[in-house]
Engineer: 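One structure is given below, represented as structure tokens, and several questions about it will come after.
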Amino acid sequence: MNSAVFCHYIPAKNPFLLTLSRWIIRQYGDDPQILTKALILLPNRRACRGLREAFLEASQGNPLLLPRIQPIGDMEEPSTWLYGDAELLQDIPPAMPDTRRLLLLTRLIMQFEKLRLGRPYHIAMAAELARGLAEFMDETAREGITLDRLDALVPETLATHWQQTLEFLRIISYYWPTIEQAEGAIGSAARRRAIILAVAKRWQHKVPDYPIIAAGSTGSQPATAKLLSVIARLPHGKVILPGIDLSMPEREWEELGETHPQYGFTQLLHIMEF
């Protein structure tokens, strides 16, 4: 852990959002033009609301122009991030409504079972399986995992129920892309990941001239980690980690297990190449 290279963090003992708001005011409060143009990226909408309240407390009730505050985890459209750079989204399909996706998956499962067994599942059972498949699709989308080699996931010698599970997963890998293409839409998790990666790519090639501060995120998802890595290298970019323990000896960092609360930081900083 090279703390000399990466040193933007707020200790766990400090109130994160209040400390962040005070730091932002100290850094940019003297220049309202820079402050209002700055972009603060937080993990979710709740954190964004909390930061706005923290600014009110930090300013002691005095009038204060706020920076743009946007959530990464609940991202919808990045138009406010990029000052109308709308062409960024041209190649990203819209998100399919969750109810529509569930209905399509339910119908697909019933058709699949009718071909396989000669009779369809009861609609309630098919809907329950569809919800499970939808959750699996979202999880793989967030992790950036492709499903074109599902057969390799489950060896033929494994238990029968695993083989049956694989058959349902084939619905996603083989049939679902055609349905998405016909619908002209993709899952919301897949769209969110695509937007985050598109923003990261844009900032690499069109470097913003305003401050971008990503705070509070641990980069637990690969796309978010990629975005944080890009922001950390921008001339006006900063990544502020919550509660990282930089006093821990190097040897302990190297031996952290997956259950350790600091383990996620080791993965993030490895991706960020710090």
Side-chain angles (χ1 to χ4, degrees), residues 1-11 16-17 19-21 23-29 31 33-44 47-48 51 67-75 77-89 91-92 142-144 192-248 250 253-254 256 262-274:
M1 178 66 58
N2 190 343
S3 60
V5 174
F6 193 91
C7 59
H8 304 299
Y9 71 103
I10 294 176
F16 186 83
L17 294 177
T19 303
L20 176 64
S21 64
W23 179 83
I24 292 172
I25 291 173
R26 288 197 303 271
Q27 290 290 312
Y28 309 109
D31 191 333
Q33 185 175 2
I34 294 180
L35 180 63
T36 56
K37 200 174 181 183
L39 174 63
I40 315 300
L41 300 178
L42 296 173
N44 49 52
C48 292
L51 182 59
R68 295 174 298 152
I69 304 173
Q70 296 290 330
I72 297 178
D74 298 328
M75 186 191 312
E77 303 293 346
S79 57
T80 57
W81 295 29
L82 306 172
Y83 289 113
D85 216 348
E87 70 271 15
L88 178 70
L89 303 178
D91 297 327
I92 303 177
R142 284 190 287 266
E143 295 298 322
R192 190 174 299 115
R193 179 177 185 274
I195 290 176
I196 291 174
L197 292 177
V199 171
K201 184 176 181 180
R202 175 56 57 92
W203 284 344
Q204 282 181 299
H205 295 90
K206 188 178 179 181
V207 178
D209 60 357
Y210 50 87
I212 298 177
I213 302 164
S217 177
T218 59
S220 58
Q221 297 172 14
T224 305
K226 172 64 176 177
L227 181 64
L228 296 181
S229 181
V230 170
I231 292 172
R233 289 169 169 78
L234 293 175
H236 305 289
K238 288 182 174 62
V239 174
I240 301 177
L241 298 180
I244 187 171
D245 184 4
L246 295 181
S247 66
M248 189 182 301
E250 186 76 22
W253 278 104
E254 295 173 355
L256 288 181
Q262 296 286 315
Y263 179 79
F265 292 123
T266 68
Q267 303 304 296
L268 172 62
L269 297 181
H270 174 73
I271 293 173
M272 297 174 69
E273 298 180 354
F274 283 119

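All heavy atoms count here, side chains included; hydrogens, waters and symmetry mates do not.
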Engineer: What are the two closest heavy atoms between Ala225 and Gly219, and how far apart are they?
Structural biologist: CB-O, 3.7 Å
Engineer: Could you give the distance from CD1 (Ile240) to OG1 (Thr19), rounded to the nearest 0.5 Å?
Structural biologist: 10.0 Å
Engineer: Is any side-chain heavy atom of Tyr28 closer than 4.5 Å to one of Pro211?
Structural biologist: yes
Engineer: Provide the closest heavy-atom pair for Pro242 versus Thr218 in the form atom of the first, atom of the second, distance.
Structural biologist: CG-CG2, 4.2 Å
Engineer: Grab the two heavy atoms, one from Ile231 and one from Ile212, that are nearest each other, plus how far apart they are.
Structural biologist: CG2-O, 3.7 Å
Engineer: Tell me the closest heavy-atom pair linking Ser21 and Leu51, and the distance in Å.
Structural biologist: CB-CD1, 4.0 Å
Engineer: Within the 4.5 Å heavy-atom criterion, are Lys238 and Trp23 side-chain neighbours or not?
Structural biologist: yes
Engineer: Side-chain contact, heavy-atom cut-off 4.5 Å: Ser217 with Leu41?
Structural biologist: no
Engineer: Nearest 0.5 angstrom please: Arg142 CZ to Arg192 CZ, how far?
Structural biologist: 8.0 Å
Engineer: Side-chain contact, heavy-atom cut-off 4.5 Å: His8 with Val239?
Structural biologist: no
Engineer: At what distance, to the nearest 0.5 angstrom, does CD1 of Ile213 lie from CD1 of Ile69?
Structural biologist: 10.5 Å
Engineer: Which salt bridge (Lys or Arg N to Asp or Glu O under 4.0 Å) pairs, counting each pair once, include a residue from residues 210-220, with sequence neighbours left out?
Structural biologist: none
Engineer: Taking side-chain contact (heavy atoms from CB on, under 4.5 Å) as the definition, give me every residue that meets it alongside Ile92, ordered by chain and number, with sequence neighbours left out.
Structural biologist: Leu89, Arg191, Ala194, Ile195, Ala198
Engineer: What residue pairs, at least two apart or across chains, pass salt bridge (Lys or Arg N to Asp or Glu O under 4.0 Å) with a residue in residues 208-225?
Structural biologist: Lys37-Asp209
Engineer: Show your reasoning for whether side chain to side chain contact (heavy atoms under 4.5 Å, CB included) applies to Leu35 and Ile25.
Structural biologist: CA-CA 8 Å; Leu35 180 63; Ile25 291 173; 5.9 Å; no
Engineer: State, to 0.1 Å, how close Gln70 and Leu39 come at their nearest heavy-atom pair, and which atoms those are.
Structural biologist: CG-CD1, 3.7 Å
Engineer: Sorted by first residue and then second, give each salt bridge (Lys or Arg N to Asp or Glu O under 4.0 Å) pair with at least one member in residues 213-230; sequence neighbours left out.
Structural biologist: none
Engineer: Indicate the atoms forming the closest heavy-atom contact of Trp203 with Pro208, along with that distance.
Structural biologist: CD1-CG, 3.3 Å
Engineer: Rounded at 0.5 Å granularity, tell me how far CG in Leu227 sits from CZ in Arg193.
Structural biologist: 12.5 Å
Engineer: Under the side-chain contact (heavy atoms from CB on, under 4.5 Å) rule, collect the residues that match up with Pro222, sequence neighbours excluded.
Structural biologist: Glu143
